[in-house]
Amino acid sequence: MKLWKTILTAAALVLANGASALAARTDLVIGITLEPPHLDPTAGAAAAIDEVLYANVFEGLTRIGADGEVLPALAESWTVSDDGKVYTFKLHSGVKFHDGTDFNADDVKFSLDRARADNSVNAQKGLFAAIDTVEVVDPATVRITLKNPQSSFLYNMGWGDAVIVAPETADTNKEKPVGTGPFKFQNWAKGSSITLIRSDAYWGAPVSLDKAEFRIVTDAAAAVPALLSGDVQAFPFFDPDSVAQIQGDPRFKVVIGATEGETILSMNNKKPPFDRLQVRQAISFALDRKAIIDGASAGLGVPIGSHMSPANKSYVDLTGLYPHNVDKARELLKEAGLENGFKATLKLPPPPYARLGGEIIASQLRDVGIDLQIVPVEWAQWLDQVFTKKDYDLTIVSHTEPNDIDIYSRKDYYFNYDNQTFDKIIADLNLTSDEAKRMTLLGEAQKILTDDAVVGFLYELPKVGVWDAKLEGFWENAPIQANDLTKVKWTE
């Protein structure tokens, strides 16, 4: 009898330990296509920075949720003055940075003043342009006064570019990021992976994962074997062309959602001959969006005719203004005095949507007499040459920042676009919170961009996510450029 009790007890322990082991998995390897140029969201435009760090390592006063909503973050609450110009934020108490130093209102003032300073390297300084003053009321209260009401202010404070950093570590965040989030930085093996581990001192709701490794898989062909072997358990942004190899396999979930990624053929509007409306319109007529979508996003992209996501309630369908029409394109080039065509360069960053789309677009423009020299560049080169120095003719990129139609009003932006009527609409948009008026203004803004053919509007980048079927908590859509791991966990 004692022997059977011993055997049963041992068996029960084995079963319990086995079940515990299954339930206790808390490590995760996430595949990402692009390696960030550095790890400071407040000092770079590359989406790959936020894809690793947003909501995981760094937090702002507010944050953007899975459905694009504004949520509290380091600010637990706020009040707004009747004139819409003064925001008073009540901060969470007991928050610490990952180096053990206390977070308080001084850090908020430092971060926002740093972001909007004349010498700021923040890629989205426009987010802070409306701020007049930032005042520390007490360690847990910050008062921000705006120059004028700005309906998007709380949303803007939720961008990755607006996260709060500490003065003690701000200058070293590019290599060793120190934030207040649920995960802290452990290691960056350049060219290979970035590893985060759970912060036991986190002020908010605890996360389920103890360790998250972002594995850099630049070759799309290597993604499927990595999943099948189990080396990588999730690709939140998966190559659309590879979906067919995974779809139907019960070991994985394939989730196709929407993004804020307007994929465009950018044009340098101040560089001849792209400074002529007829040339830009000719290019727009020469583009066959369906062929580009089929070839560069496996047919999953949604056509766009201006800079607005079809998932946005303010979206206006303007795709019909520039149907594919080779004869019309040639006619417009003739009007511009370029009946014999011209030569130009097309600088393409690494993502497949750009490299594949670039080949297709070069062929389409060749049909109307525009001979493009394709110049592949790495992201660091693209950011330096195209985005910063505006040294380009044409390029292809997905603008994944949320609700960013205002970028066309920025005088130092790489499009080199200037339209006072458009600028006035954006200014009015910032001053109104009336929903009906905002919808009207956004419609007018989209129409102007399309009429001016500022860029070649192609399609909205799809979000194709693939991950182990036992995982849950990943975002279906991408209202911002992020891989938020705060709700991600293994179900067994």
Between CZ of R276 and CD of Q281, what distance do you get to the nearest 0.5 Å?
13.5 Å
In a check of side chain to side chain contact (heavy atoms under 4.5 Å, CB included) between I425 and each of I448, N419, L442, which one passes?
I448
How far apart are the C-alpha atoms of K424 and D428, what are their side-chain angles, what is the distance that settles it, and do they pass the salt bridge (charged side-chain N to carboxylate O under 4.0 Å, His left out) test?
CA-CA 6 Å; K424 178 65 165 56; D428 290 345; 2.9 Å; yes
Flag side-chain contact, heavy atom, 4.5 Å: M267 against L394
yes
Donor-acceptor under 3.5 Å (D391 side chain, Q385 main chain)
no
Interatomic spacing from CG in D423 to CZ in R410 - rounded to 0.5 Å
12.0 Å
S120 and A115 have their tightest heavy-atom pair at OG-O, 2.8 Å
Walk me through whether N403 and N312 qualify under side-chain contact (heavy atoms from CB on, under 4.5 Å).
CA-CA 9 Å; N403 297 316; N312 194 302; 2.8 Å; yes
Out of curiosity, E444 CD to K447 NZ, how far, rounded to the nearest 0.5 Å?
10.5 Å
Below 4.0 angstrom, N of the basic side chain to O of the carboxylate: do K271 and D393 qualify?
yes
Does the side chain of T133 come under 3.5 Å of the side chain of R143 through a donor N or O and an acceptor N or O?
no
For residues I144 and F89, determine if any side-chain heavy atom of one lies less than 4.5 Å from a side-chain heavy atom of the other.
yes
Nearest-0.5 Å distance that lies between atom CZ in F153 and atom CG in L146:
5.0 Å
So, the side chain of S111 versus the backbone of V165: is there a donor-acceptor pair under 3.5 Å, distance only?
yes
Roughly how far apart are Q446 CD and D317 CG, rounded to 0.5 Å?
10.0 Å
Pair T400, E260: side-chain N/O donor-acceptor within cut-off below 3.5 Å
no
To the closest 0.5 Å, what do you measure between CG (D40) and NZ (K176)?
15.0 Å
Identify whether NZ of Lys or CZ of Arg in K463 sits under 6.0 Å from the centre of the six-membered ring of F237 and within 45° of that ring's axis.
yes
Which word best sums up how the rings of Y414 and W382 line up, parallel for under 30°, tilted for 30 to 60°, or perpendicular for over 60°?
perpendicular
P236 and F474: which non-hydrogen atoms are nearest, and at how many Å?
CG-CE2, 3.9 Å
Determine, for K147 against D83, whether the closest basic-nitrogen to carboxylate-oxygen distance falls under 4.0 angstrom.
no
List the steps, then state whether side-chain hydrogen bond (donor to acceptor under 3.5 Å, both in side chains) holds for Q373 with T345.
CA-CA 5 Å; Q373 176 192 357; T345 59; over 6 Å; no
Salt bridge check, K487 against D484: does any charged N sit closer than 4.0 Å to a carboxylate O?
no
Compute the ring centroids of F415 and Y408, then answer whether they are less than 6.0 Å apart.
yes
Do Y54 and N483 have side chains that approach each other closer than 4.5 Å (heavy atoms only, starting at C-beta)?
no
Salt bridge (charged side-chain N to carboxylate O under 4.0 Å, His left out) between K347 and D384: does it pass, once the steps are laid out?
CA-CA 12 Å; K347 291 188 175 180; D384 178 53; over 6 Å; no
Within 6.0 Å of CG in D171, more than 12 heavy atoms from elsewhere:
no
If every non-hydrogen atom of E460 is compared with every non-hydrogen atom of S309, which pair is closest and at what distance?
OE2-CB, 3.3 Å
Looking at M308 and Y315, what are the two nearest heavy atoms and their distance?
O-CD1, 3.4 Å
If we ignore hydrogens and angles and just use 3.5 Å, is the side chain of S151 paired with the main-chain N or O of T432 as donor and acceptor?
yes
Residue pair H38 / N173, side-chain donor-acceptor N/O under 3.5 Å:
no
Main-chain N/O of D452 paired with R280 side-chain donor or acceptor, under 3.5 Å:
yes
Close aromatic pair by centroid cut-off 6.0 Å: H98 and F185:
no
Please lay out, stage by stage, how Y322 and F457 fare under the test side-chain contact (heavy atoms from CB on, under 4.5 Å).
CA-CA 10 Å; Y322 293 105; F457 295 106; over 6 Å; no
Is there side-chain contact between Y155 and P402, with heavy atoms separated by less than 4.5 Å?
yes
Can you list the steps and then say if I292 with I361 is a side-chain contact (heavy atoms from CB on, under 4.5 Å)?
CA-CA 7 Å; I292 297 166; I361 288 172; 3.6 Å; yes
Given side-chain contact (heavy atoms from CB on, under 4.5 Å), test V386 with T395 step by step and report yes or no.
CA-CA 8 Å; V386 179; T395 188; 3.9 Å; yes
If we only count heavy atoms from C-beta on, is the S398 to Y353 side-chain gap below 4.5 Å?
yes
Any side-chain heavy-atom pair from L71 and I64 closer than 4.5 angstrom?
no
Would you confirm whether T440, through its side chain, and A436, through its main-chain N or O, come within 3.5 Å as a donor-acceptor pair?
yes
Which pair of heavy atoms, one from A73 and one from H92, lies closest together, and at what distance?
O-CD2, 3.0 Å
Pair K313 + E435, salt bridge at N-O below 4.0 Å:
yes
Indicate yes or no: does D434 engage R438 in a salt bridge with an N to O separation below 4.0 Å.
no
With the side chain counted from C-beta on, respond yes when P36 and I194 share a heavy-atom pair under 4.5 Å apart, and no when they do not.
yes
Short side-chain to backbone donor-acceptor contact, Q364 and A362, under 3.5 Å:
no
Would you check if there is a donor-acceptor pair between the side chains of N148 and N430 at a distance under 3.5 Å?
no
Taking the six-membered ring for Trp, are H399 and F387 closer than 6.0 Å centroid to centroid?
no
What do you reckon, are the aromatic ring centroids of W78 and Y87 less than 6.0 Å apart?
no
So Q481 and W159, side-chain hydrogen bond (donor to acceptor under 3.5 Å, both in side chains) or not? Walk me through it.
CA-CA 9 Å; Q481 47 200 28; W159 283 44; over 6 Å; no
Using the rule side chain to side chain contact (heavy atoms under 4.5 Å, CB included), only one of T259, V302, I304 pairs with L461; which is it?
T259
Which heavy atom of L39 sits nearest to which heavy atom of L53, and what is that distance?
O-CD1, 2.9 Å
Would you sort out whether N416 and N269 count as a side-chain hydrogen bond (donor to acceptor under 3.5 Å, both in side chains), showing the intermediate values?
CA-CA 5 Å; N416 273 327; N269 279 237; over 6 Å; no
Check whether S306 reaches the backbone of L449 with its side chain - one donor and one acceptor, N or O, closer than 3.5 Å.
no
May I ask you to test the I370-R366 pair for a side-chain heavy-atom distance under 4.5 Å?
no
Treating Q381 as the side-chain partner and E378 as the backbone partner, does any N or O pair qualify as donor plus acceptor under 3.5 Å?
yes
